[in-house]
Every structure is written in C-alpha cells, then in structure tokens.
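Since the structure is predicted, the reported quantities are computational estimates derived from the model, not experimental observations. To find a chain, count down the sequence lines: A is the first, B the second, and so on, and within it residues start at 1.
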Number of protein chains: 2
Amino acid sequence: MSADSLRNSALSARIGSPVPEPTLAAGNLVKLKMACSHCHLREVCLPVGLTREQITLLEQIVYTRRRLKKGETLYRAGDPFRSLYAIRSGFFKARAATPDGRDQVTGFQMAGELIGMDGISHETHTCDSIALEDSEVCVVPFNMLEDLSVQAPALGHHFHKVMSREIVREHGVMLLLGSMRAEERLAAFLLNLSQRLAARGFSATEFVLRMTREEIGSHLGLKLETVSRAFSKFQDDGMIAVKQKHVQILEMERLRKLLTNGSRSTHD
Amino acid sequence: MSADSLRNSALSARIGSPVPEPTLAAGNLVKLKMACSHCHLREVCLPVGLTREQITLLEQIVYTRRRLKKGETLYRAGDPFRSLYAIRSGFFKARAATPDGRDQVTGFQMAGELIGMDGISHETHTCDSIALEDSEVCVVPFNMLEDLSVQAPALGHHFHKVMSREIVREHGVMLLLGSMRAEERLAAFLLNLSQRLAARGFSATEFVLRMTREEIGSHLGLKLETVSRAFSKFQDDGMIAVKQKHVQILEMERLRKLLTNGSRSTHD
DNA sequence: GAGTCGGCTTGATCAGGATCAAAAGACGCC
DNA sequence: GGCGTCTTTTGATCCTGATCAAGCCGACTC
C-alpha cells in the first residue's frame, strides 16, 4: 500500500467531519512534504529515532498545519477526536474539568511536544487545549498514524513511548500535588520549565513565562497569591530574579536543594 | 508469520533476561492457550472488542502467569521493562517516588486492568507495583504485543485506548489532588472504587478495602489521621458504615452530592 | 497624557489539615 | 491463648496556605 493510497483511504473515511481541518492547495503540499525531515524540531518531536525512510512516510500524513492566536482553543472537552497535534511553535496549556465547575491546568506544552492523546480512549477529547501565545501545530490524523504504524512499526513503538512518557510525567505531577509544599512545588515547576527550554536550545536560566500566576497556581494546586508570595520569597532569598513574567534563575543549585531537602515520605 | 514463529522469535530476543519470567511445561501450554477466550474477565480486559480470531492471536503471546502473595512486588522502579501485566485476580497498588525519599500511591488496580505501561518510555519501570492481596497476573510480553499489533491492528488500537484511558484517569487524580478538600477526596475515592467493583459484578455498596488508611491517604494526598477522621465523619452523618476495612455505602446519592457541591473553580 | 483594565504584589486574618500524642482494636505468631 | 506488632481512632495544638482586601504596575485605548 503506497503512502498516497493510505492517505486517500484514510481521508475518505473522514468525509463529513463537522469540524473539517483546514486543507491546503496541491502546490503547498509539496513544500510541506519535506516538513518533518527539515523541521528544526525533528530531534525532539515525533520523528525522533526514525530512519530517513520512516520520516518520509510520516511526512505523508502530516500535511496540515494549524495556526492559533494567543487565547484560541485548539480543542475542547467534548470535541470529537481525530488528530493529535505536534506543536511546531508556541505554548499551550491543557485544562481538565470536573462535571461540576472545578478545573485544573493539567500541564503546559511547548514546541516539539505531542498533544491530544487524552482523546483516544473515548474518541472524544476530555480536556481543553488553549494557546498561551500565537502558535502553530502540525495536525497528525490519528487513524493515519495507526495505519502507518503497521507499515513502520518503529513509528508505532515510538508513539507508545511518547504516551508512556506522558503517563510518567503525570506521576510526577501527582507526587508534586500530593506531597510537596508550596515553595517546593514552585521550585519543581521552574526547574522543569528550565530543563525543557534548555532541551530546545533556549536559555536554562532566563526565560519569559507564558502563563499567568493564576494558571501556574491552578497547575500546582495553589492559589495565585501563594504563587506570587513564593516568587517573592525566592527573589528575597536571591535564588531568582523575577519581574512580572520575566524570570532569571540565579542559583539553580539552591532551587534544586529546596526540592531534595523537603523529603517527607508518606510511607516510612 | 505464524503465531508460533512470532512467539519464538520474540522469545529468543529475550535470552539472557536477568529476571526470567517463569516458564511452563509444554503440557500446560495447551490448556493456557484457551485462556483469554474463556477468561471471565474477557469483557473488561485486553480482549475487549476483539474478534474471536484476534483473541486467538492474543492467546499466543499471553502464555505465562505469575502468582504473587500479599505484599510481594510485581516490579519496582529501575527494573528493566519487558512485559505488561493483566491482572487476573487480586489487587495492586502502584507507587511512585521522587529521587529523595518522597513517595505516593499513584493508583490502585484490580482484576482486568493492565499495568506496567509506565515502563515503556525508558524501557525501565518508573514505579513499584505491589500486591495488596494474593494475586495472579497474566504476563504480556511487550515486544510481542507490538509485533502482534502489526498483524492485528484492532489490538493495537485497543491498546492505544487503554493507554489513553490511563492518561485520562490521571487527569482525574490531578483534579482531585489539586482542587478538592479532604472529605471530597475520600468521597471521590469511595465512589470510584464502588463503580469499578460494580463493573466487575461485585456489590457497589458493600466491599472490603484492600489498602490501609495510610495507603489511601498517600493516594489522596492526605495523612492517615485525616482519612480516618473523614471515614468517621461519613459514618456519623449516616452516609456509610465502616468497620475497619469493611465499608458499606448507605446513601450513595449524598456521597455524590458531596462532590458536585464543592465546586470551587480555579479559573472563574 | 489621562484613564482603564487585567495581572501582580503584599498585608491581615482564618481555617483545614498536619502534627504530636495516647490508647484501643485487630491480627499474626509462637 | 497470650504476646507483640501493626492499624485505626480520637483528642489537642500548630502551621501552611486560603481567603479577604487594598494598592500597584504595566499595557493598551482614546
């Protein structure tokens, strides 16, 4: 089965979609065909560990992009699930809600990360994904990704790893929410952000927060005032310099120590 | 590729395993071959939604079981990852830990649930799984499961749903940890347990807890004293009857209401 | 440049749950 | 059956972070 016929069969199965993905003229398609193999994110994103040939296959199904302005919603809970999204640029938050009005930011996502996997289980998204700045995502039609995984098992294997990594990440958040105090949570948050930015070639010690104090608080299970106070405390202690959304980490080691010292087990 | 050759090729790739899975004499194999299709859990477990033929394929790779006594560890963080485990009987807890000594029960698992997916991302388990009562699991060699998914894409698709469901479940725990008060957390915990037991044909209103107050507390981000007090409070209010590990839900509706009324959004 | 608005900081007070402590109840082991 | 250990309950007190409240800063509009 050629990649083209694969795409067409998968496409025809999607006719009548109530929320059609934007389509591109044939002219643009060629250009996009080379997308993954030339993308500066290929070392972080879905193509990681794939051979040149396998990436070419992947490019056959990732032929649509979607741009979002700051504040726009990529998908929301209840939307039918069809695609995963690989973030090409920008910054997102994922927000889950209970049947009653409670909600929580379950995570922040940046370039190279794959989002939307919450939707697979019920063929419906179970949380919202909102752009925190102007962003662009590559649309990865999920049925095509599964079809392709049969042709290129390495891709399937890699996808399993990505999903598993998400599960492990969430374990970390659970540990944070269940056993850390406010300042430890913020320290963990900053270190995590720093490390992910560094992995993408940005400064590990100086960055601009894309989210508000309230959103940080929602993610960390704290109120915005507590987040603000913890920022101020870190600054007074000389560990960081904060000015609004601009953060500079002055003493990474002390931030780390803050985490490893708390050490209060729930079992011993 | 026949199912047998599939099994053998995958098996040979695993020679030299430092922790060999128990193997069975050929005589027992035949008996076990019929396992999945006759298992009373086939409506809850991995075979859900598979055709008769596909289940037969699945049975080719699920030919080992492992028994654990109460308190025994199925796997622990750092162990090499090779297999997933489908719980055939019994009850497990999963425990994650930070580099320093903090730990947290990330979930409780019962018959029909698939565990071990945390290990896929780094080919190493990242949390511990411990039997809370005498239990039995079916060993699902992961590389074989992936190979089989190529032959039977429906199985792969189902597996994706299982992983996605785990992600969604964890979102729920994050919501609980991040935005609920102590009594709401316990109510949510009891309702969740009740619902899962009911799905397996057990009573939804009367059951025996397999875990201690401390383990419940660790999972809910509470201290054991707080868990105990919340139990007492529910009992005083007439919603449940508790005697040690024996729980009887007397007024399910009031328990539910306890959840839907708290309703304190972090955003609005 | 004045005015407005959303986001942030800081202070004062309050309360939910942690902590410390003690005793009672269950359970396994000789 | 008696002993020792683990688990649970309950009480008293403390502390962290929530809540309430006020003012500030910066960005944007007009």
query = Rounded to whole angstroms, how far apart are CG on B:Leu222 and C1' on C:dA18?
reply = 10 Å
Value in whole Å for how far the C1' atom of C:dG7 lies from NZ of A:Lys70 = 11 Å
query = Could you walk me through whether B:Phe92 and B:Ile130 pass the side chain to side chain contact (heavy atoms under 4.5 Å, CB included) check?
reply = CA-CA 5 Å; B:Phe92 287 79; B:Ile130 296 151; 5.9 Å; no
message = Given the ring of A:Phe108, does A:Arg210 sit roughly above its face, with NZ or CZ under 6.0 Å from the centre of the six-membered ring and within 45° of the axis?
response = no
query = Of all heavy-atom pairs between A:Cys39 and A:Arg88, which one has the smallest distance, and what is that distance?
reply = SG-NH1, 3.5 Å
task = Whole angstrom is fine here: how far is it from NZ in B:Lys69 over to P in C:dG28?
result = 13 Å
query = Taking A:Tyr75 as the fixed residue, which of A:Asp128, A:Thr124, A:Asp118 is the one that meets the side chain to side chain donor-acceptor pair (under 3.5 Å) rule?
reply = A:Asp118
ask   = What does A:Gly217 touch in the nucleic acid at a heavy-atom separation under 4.0 angstrom: a base, only the sugar-phosphate, or nothing?
value = nothing
query = Do B:Glu183 and B:Arg229 meet the salt-bridge criterion of a basic N to acidic O distance under 4.0 Å?
reply = no
key: Nearest-Å distance for atom pair NZ/P, residues A:Lys233 and D:dG17   = 11 Å
inquiry  = Checking side-chain polar atoms at under 3.5 Å, does A:Gln104 have a donor or acceptor matched by the opposite partner on B:His171?
reply    = no
request  = Round to the nearest Å and state the distance from A:Lys223 atom NZ to C:dA15 atom C1'.
outcome  = 14 Å
ask   = Atom CD of A:Glu183 to atom P of D:dA18: distance rounded to whole Å?
value = 12 Å
Protein-nucleotide distance (A:Leu186, atom CG; C:dC8, atom C1'), rounded to Å = 14 Å
note = Scoring nucleotides 2-11 of chain D by protein non-hydrogen atoms under 4.0 Å (B base, S sugar-phosphate only, - none) yields ------SBBB
ask   = Could you give the CG-to-C1' distance, from A:Leu209 to C:dC8, as a whole number of Å?
value = 12 Å
